[in-house]
Amino acid sequence: MTVCVLHAAAEMFPLLKTGGLADVVGALPLAQSQLGTDARVVLPGFPAVLAGLADLEPVADLGGAFGAGNVRLERGVLPPHGVVVYVVRADVFYDRPGNPYLDAAHRPYADNDRRFALLGWAAARIATGADPTWKPHIVHAHDWHAGLAPAYLRAFERGGAPRTASVITVHNLAYQGTFAASEFGALQLPGDFYAVEGVEFYGLVSFLKAGLYYADRITTVSPTYAREIQTQAHGAGLHGLLQTRTHDITGILNGVDYSIWSPSVDDSIAAKYTASKVAGKSKCKAALQERMGLARDDDALLFGVVSRLTEQKGLDLLLSAVPDIVQRGGQLVVLGTGDPALETGMKNAAAAHPGAVAVELGFDETLSHLIIAGSDIVMVPSRFEPCGLTQLYALAYGAPPLVHRVGGLADTVVDSSLENLADELATGFVFDTFDRAGIVGAIRRAFALKARRTDWKAVVKRAMGQSFSWEAAALRYAEVYQGLTGR
Ligand code: ADP
């Protein structure tokens with residue numbers, strides 16, 4: 001019998017994206033449906049979500065909840081593949097312009113607890129029959145935004161509803177959705193759920209902890225991150241709980257949607273290319289240099305960055321190494337948005353090295369493709385990285401990634417050490433210690449390899465030959481579901 005899964009998430013590419021979560025929610029349900037799973041998605045009714053769906057129709061009136069006025073459930077499909085998407089219509093909560101989480105001053109909305117409690121609650125309502133024509137066997141919650149879904153399922157069960165299994169996927173443990181304990185009363189959960197064995201976390205309400213506590217299974221987006229989050233160093237205060245659930249935790253590497261991220265089909269780049277006919281990549285490099293105001297020099301080793309500018313991404317470390325790139329004749333292009341201090345640091349680096357360092361602040365899907373295609377090397381020097389998609393895209397576009405050996409970066413990039421070159425394994429540059437010496441050492445190895453034409457070409461070709469398919473990931477998720485449903 002077909003397994004029915006409802007993904008509950010805040011973002012889905014191409015409707016709405018602020019990071020890798022959207023890429024996953026945009027690709028995984030489709031890969032699952034291609035394997036025969038009936039995978040659907042429930043999203044908050046943000047304006048961009050409503051605008052991007054086709055055939056929206058009302059499904060149910062969910063009544064008043066969380067002070068959002070009358071909440072309605074609608075259902076549409078996402079073109080062109082037709083994944084079914086439920087939308088929680090509560091315009092008081094979601095009809096706000098710009099970022100889904102932050103107000104115009106970049107502060108989290110004061111009612112984020114109720115805005116995202118509603119998402120989890122609506123998922124649980126769908127699981128308990130809100131759509132008379134469809135019910136999931138499994139609710140699959142993503143990140144803290146949907147973290148309360150497993151808690152509401154338990155609460156509804158206590159009220160007599162049949163049991164629905166739940167899974168939570170942690171895309172980033174650093175974002176926990178914590179709120180003042182005084183807000184608990186507004187969440188419509190049984191009073192005893194506010195407990196250490198429940199949603200309480202050091203005197204606060206934690207949506208992510210709720211998910212980790214109440215979900216039947218926990219997954220995260222790479223095997224190494226699955227191990228790391230169970231340690232004090234990387235557990236963000238949740239390692240104790242995660243250790244108690246160690247047998248329920250699985251690390252499943254994200255895939256790449258190669259219909260979007262492949263230089264052989266990418267219409268946004270200057271010239272298409274493949275691993276066997278890589279000449280177009282030089283055209284992409286020249287176009288990028290032109291577009292960003294860098295010196296037109298095919299020999300300059302061009303490092304690219306596409307990233308949220310946050311502490312996590314290690315770009316402060318990169319800034320300390322900019323002179324090491326420039327002095328060797330290299331170039332750096334950065335696309336990112338985020339922390340004002342990092343934005344200023346990037347702008348200052350560009351001003352200090354005109355023609356060699358170029359920075360664009362903002363979120364620009366098309367430019368992100370131009371950078372991945374036009375760069376010789378893509379840098380992802382994150383302090384921690386649950387999976388990381390940028391380095392996977394970089395591999396596909398023959399831009400060997402330069403990464404810190406952590407989380408999903410450690411699982412997906414093989415350093416160009418002499419032994420890995422000899423064993424024909426190398427796909428990029430990996431540094432172990434998160435300090436200036438570490439990143440500068442990797443940068444120097446990159447320049448050294450570029451000077452060895454044959455080895456460089458072999459690494460580029462091998463990088464392009466890596467495959468991280470969503471089908472493989474979907475098969476692993478199917479195993480997790482099977483453990484819960486027997487199907
Ligand atoms: P995270 O989810 O932590 O931001 P990932 O590497 O998993 O990191 O995913 C980041 C995704 O967001 C990638 O698809 C990347 O290309 C994209 N991205 C990040 N910053 C920008 C930006 N400024 N403009 C366009 N795309 C961006």
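Counting from 1, the numbers follow the sequence of the chain as shown. Whatever order the structure lists them in is the order used to number ligands and atoms, beginning at 1.
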A.B. asks: Whether Arg383 and Asp316 form a salt bridge (side-chain N of Lys/Arg under 4.0 Å from carboxylate O of Asp/Glu) is what I want to check.
C.D. replies: yes
A.B. asks: Could I get the full list of ring-ring contact (aromatic ring centres under 6.0 Å, His included) partners for Trp470, not counting sequence neighbours?
C.D. replies: none
A.B. asks: Apply the test ring pair (Phe, Tyr, Trp, His ring centres under 6.0 Å) to residues Tyr393 and Tyr258: give CA-CA distance (whole Å), side-chain angles for both, the deciding distance (0.1 Å), then the verdict.
C.D. replies: CA-CA 9 Å; Tyr393 303 152; Tyr258 290 109; 8.5 Å; no
A.B. asks: Lys272 side chain to Gly280 main-chain N or O, any donor-acceptor pair under 3.5 Å?
C.D. replies: no
A.B. asks: Dump all N/O pairs between ligand 1 and the protein below 3.5 Å as a table: atom names plus distance, one pair per row.
C.D. replies:
unit_1	atom_1	unit_2	atom_2	d
ligand 1	2 (O)	Gly20	N	2.7
ligand 1	3 (O)	Arg308	NH2	2.7
ligand 1	3 (O)	Lys313	NZ	2.8
ligand 1	4 (O)	Arg308	NE	2.7
ligand 1	6 (O)	Leu389	N	2.9
ligand 1	6 (O)	Thr390	N	3.4
ligand 1	6 (O)	Thr390	OG1	3.1
ligand 1	7 (O)	Leu389	N	3.4
ligand 1	8 (O)	Lys313	NZ	3.1
ligand 1	9 (O)	Gly20	N	3.2
ligand 1	14 (O)	Lys17	NZ	2.8
ligand 1	14 (O)	Asp23	OD2	2.8
ligand 1	23 (N)	Gly362	O	2.8
ligand 1	24 (N)	Asp364	N	3.0

A.B. asks: In chain order, what residues pass the side chain to side chain donor-acceptor pair (under 3.5 Å) check against Asp364, with sequence neighbours excluded?
C.D. replies: none
A.B. asks: Could I get the full list of side-chain contact (heavy atoms from CB on, under 4.5 Å) partners for Ala146, not counting sequence neighbours?
C.D. replies: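 If we apply the side-chain contact (heavy atoms from CB on, under 4.5 Å) test to Ala146, skipping adjacent residues, the hits are Ala8, Leu119, Ala141.
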